[in-house]
Amino acid sequence: MKKNILISVYNMEIGGIERSLINMLESFDYEKYNVDLLIFHHVGDFMKLIPKRVNILPEVKKFTVFRKPVIQCLKEGHYSLALMRIIAKYVAAIKSKARNLTEGAGYIQMQLSLKYSSYFIPKIDKKYDVAISYAWPHDIIANKVNAKKKIAWIHTDYSKLEIDNRLDLNVWNKFDAIASVSDACAASFLSTYPSLEEKVIVIENLTSPSFIKKMAEEIKIFNNNKDQSFNIVSVGRLSYVKGFDLAISALRMLHDKGLTNIKWHVIGHGGFETDLKELIAKNNLEDSFILLGKQTNPYPYIKDCDLYVQPSRYEGKAVTVSEAKILGKPILITSYPTASSQIENSVEGIICDLSVDGIVNGIEGFYHSEELRNSFIRNIKERDFSNNYELEKLYKIVG
């Protein structure tokens with residue numbers, strides 16, 4: 001008899017977590033498992049990429065409110081939930097100020113919103129063998145789903161998150177297993193929550209080389225490059241943690257050194273976009289630092305670039321770095337805490353200092369040496385990046 005599995009995620013907007021989920025769903029053994037997908041808000045360009053054998057549950061309107069503006073929640077008639085959001089905002093502001101946090105109010109507000117709103121959110125009626133909360137926060141799977149086993153996923157460096165750890169620990173304790181996307185992420189998580197060590201297992205993001213290579217061939221991006229530009233590509237949410245402000249300053253320095261044919265293309269969207277556009281204009285880089293916005297298929301850009309760069313301040317395990325390796329590209333990443341779990345330094349790419357100067361020096365090395373770029377390409381092409389065996393770890397938990 002097939003086991004019934006529930007997987008939850010907030011929406012299917014373009015992002016690394018959502019992309020890794022699509023890869024996992026592409027690889028699932030549907031002869032042994034029935035998979036229901038609980039998407040809190042049915043929006044996002046990746047909705048159309050969900051495999052047909054996945055059963056998408058109907059949208060529950062009360063699950064959609066957590067990332068919507070409060071005004072919109074009120075217009076939609078979610079009065080109690082909107083009130084909980086308002087209360088959570090003020091309590092989060094007090095908590096973050098007391099702890100002198102720089103970014104924590106938003107994270108803590110989300111935690112408190114879910115805690116306060118739990119009385120008004122319906123339970124999922126169906127009983128499952130396993131319920132998987134694929135992205136933080138994990139409260140709904142923890143509190144509103146009936147399952148024999150529950151699994152929560154870690155995608156980020158928890159030592160960098162400014163959250164209410166005591167509140168978070170109460171939720172983590174309701175799960176039977178906690179899946180981390182890398183050893184580094186697991187170590188970071190356990191430095192914050194050492195009591196959960198027996199629950200943590202590493203299950204790396206699944207990659208599908210054949211799918212990625214097929215998507216990369218859909219269109220050509222830089223092949224008709226008449227100005228002989230050196231094209232850099234980065235993919236990521238437009239947020240402070242992704243370090244694109246550092247990238248802009250680095251490109252300005254590179255141009256000032258005479259490397260004016262370098263162009264930097266960024267795929268992604270997010271709340272930091274206005275700040276980045278202002279910084280681009282301030283540095284007179286409108287024609288060279290190009291924000292491409294959301295792209296359902298970033299792979300042609302990665303395939304055709306000269307260098308893939310991840311300038312992040314911190315990462316869990318950037319899916320796009322793994323995808324750049326699959327597409328055989330030379331790679332430069334900054335020395336965020338989990339960087340060594342992303343690439344083998346000086347073999348698959350280079351890990352540079354997490355600074356503007358570090359990024360500049362790293363790019364200069366690649367720019368001036370075609371042999372350096374080719375050596376990494378040769379090393380990468382000798383490796384097999386398929387890892388469907390990671391799913392066996394999940395199946396073992398399912399039982």
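The model shown is predicted, which means the values in this text are computed figures rather than measured ones. Residue indices begin at 1 and follow the sequence shown. Computed over heavy atoms, backbone and side chain alike; hydrogens, waters and symmetry mates excluded.
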Inset, instruction - Verify the neighbour count for atom NZ of K126: are there more than 12 heavy atoms of other residues, nucleotides or ligands below 6.0 Å? - result: yes
Legend entry - OH/Y90: more than 12 non-hydrogen atoms of other groups inside 6.0 Å: no
Legend entry - Distance, nearest 0.5 Å, that separates OG of S80 from CZ of R85: 13.5 Å
Inset, instruction - Hey, could you give me the CG/CZ distance between L206 and R19, rounded to the nearest 0.5 Å? - result: 14.5 Å
Do the ring centers of [X] and [Y] come within less than 6.0 Å of each other?
X    : Y    : value
F175 : W153 : no
W136 : H155 : no
F189 : Y158 : yes

Legend entry - Heavy-atom side-chain contact between T192 and N165 under 4.5 Å: yes
Legend entry - Pairs touching residues 41-60 that satisfy side-chain hydrogen bond (donor to acceptor under 3.5 Å, both in side chains), sequence neighbours left out: E31-R53, D36-N55, E59-K61
Inset, instruction - Please name the residue in the list K214, K213, K220 that meets the salt bridge (Lys or Arg N to Asp or Glu O under 4.0 Å) test with E217. - result: K220
Legend entry - Main-chain N/O of L167 paired with D164 side-chain donor or acceptor, under 3.5 Å: yes
Legend entry - Side-chain donor-acceptor pair present, Q109, Y107, cut-off under 3.5 Å: no
Inset, instruction - Could I get the full list of ring pair (Phe, Tyr, Trp, His ring centres under 6.0 Å) partners for F366, not counting sequence neighbours? - result: F376
Taking only distance into account, with no hydrogens and no angle test, what donor-acceptor pairs under 3.5 Å do side-chain atoms of residues 279-296 form with protein atoms, sequence neighbours excluded?
| unit_1 | atom_1 | unit_2 | atom_2 | d |
| --- | --- | --- | --- | --- |
| N283 | ND2 | L279 | O | 2.8 |
| K294 | NZ | E13 | OE1 | 3.3 |
| Q295 | NE2 | L292 | O | 3.1 |

